[in-house]
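Below is one structure, written out as structure tokens; the observations come after it.
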Amino acid sequence: MLKQNLFLSFLLFFSITAWTLESDRKAPIKVDGPTCISKIKENKTICDQGVTITQGSLLIRSAYATIYHKDSQIERIEMTGTPVYFEQQVKDESDKMVIKSKYMDYRMQDDKVFLKGDVSVTSTMGLTQAQEMEIDLETQEILAGGTEEGQQFHMTIDPNKK
């Protein structure tokens, strides 16, 4: 997926509890859009005029989304936008994490999120930016960088933010 010889990488460990609420994972998933087409035989729903997805405090908005589902379970959500906007409340009610990117591929079955294009993650820790990020929710790792020479990972940590 990512070219090793051109990929500038940084591995960041963080606590999964710091950015997901247990109540969010148990809440129903709601998908809203002006026009969505469910292709039952193909196990997917396409929302090509914008979509909003919510689950508890989780809010995702994108211009286009393909939702892959099977047996009443969402397996994967592929989204594009200008940007795709992801927001989720963290354990403290006053804190939230915001992710923006041009492309987001959330693979729920694998517990992974792939982001591409002007990626930024704003959280209580600070601001993280890269052209590409891969977030493994199970191992709690972020791999970030770019596939082109000159692209790099950037992180700003605000020690005054708590």
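Heads up: numbering here begins at 1 and tracks the sequence.
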Provide the full list of salt bridge (charged side-chain N to carboxylate O under 4.0 Å, His left out) pairs with a residue in residues 43-67, sequence neighbours left out, each pair given once. Glu42-Lys44
Thr52: what forms a side chain to side chain donor-acceptor pair (under 3.5 Å) with it, not counting sequence neighbours? none
Beyond-backbone contact of Val84 with Ile60, side-chain heavy atoms, under 4.5 angstrom: yes
Is it true that Ile135 and Tyr103 fall in one hydrophobic cluster, defined by side-chain heavy atoms closer than 4.5 Å? no
Going from NZ on Lys116 to CD on Gln131, what distance comes out if it is rounded to the nearest 0.5 angstrom? 11.5 Å
If you measure only the distance, is there a donor-acceptor pair under 3.5 Å linking the side chains of Tyr64 and Gln49? no
Distance, nearest 0.5 Å, that separates CD of Glu78 from CD1 of Ile46: 10.5 Å
Suppose the criterion is salt bridge (charged side-chain N to carboxylate O under 4.0 Å, His left out): which pairs have a residue in residues 98-107, not counting sequence neighbours? Arg76-Asp105, Lys102-Asp118, Asp105-Arg107
As an exercise, state the distance from CD1 of Ile53 to CZ of Phe86, rounded to the nearest 0.5 Å. 10.5 Å
Examine Val31 and Met104 and state if one hydrophobic cluster contains both, with Ile, Leu, Val, Met, Phe, Trp and Tyr joined whenever side-chain heavy atoms are less than 4.5 Å apart. yes
Sequence-distant partners of Thr80, side chain to side chain donor-acceptor pair (under 3.5 Å), two or more places apart: none
I need the Lys30 NZ to Asp32 CG distance, nearest 0.5 Å. 8.5 Å
d(Ile77 CD1, Ile67 CD1) to nearest 0.5 Å is 5.5 Å
Kindly write out the residues that satisfy side-chain contact (heavy atoms from CB on, under 4.5 Å) with Ser38, not counting sequence neighbours, or none if the list is empty. Ile40, Thr45
Test: disulfide (SG to SG under 2.5 Å). Region: residues 42-86. Which pairs qualify, not counting sequence neighbours? Cys36-Cys47
Output all residues satisfying salt bridge (charged side-chain N to carboxylate O under 4.0 Å, His left out) with Glu75, sequence neighbours left out; order by chain, then residue number. none
Co-members of the apolar cluster containing Val98 [side chain, <4.5 Å]: Leu59, Tyr85
The reported gap from CE in Met79 to CG in Leu115 (rounded to nearest 0.5 angstrom) is 8.5 Å
Minimal heavy-atom distance between Pro34 and Gly50, with the atoms involved, is CD-O, 3.4 Å
Would you please test Leu127 and Ser120 for side chain to side chain contact (heavy atoms under 4.5 Å, CB included) and show each step? CA-CA 7 Å; Leu127 173 68; Ser120 70; 4.1 Å; yes
Shortest non-hydrogen pair, Ala27 vs Gly56, comes out as CB-N, 3.5 Å
Check whether any side-chain heavy atom of Thr128 lies under 4.5 Å from a side-chain heavy atom of Met133, and answer yes or no. yes
If every non-hydrogen atom of Ile74 is compared with every non-hydrogen atom of Gln109, which pair is closest and at what distance? O-NE2, 3.4 Å
Is a side-chain donor or acceptor of Gln88 paired with a backbone partner of Met97 at a separation under 3.5 angstrom? no
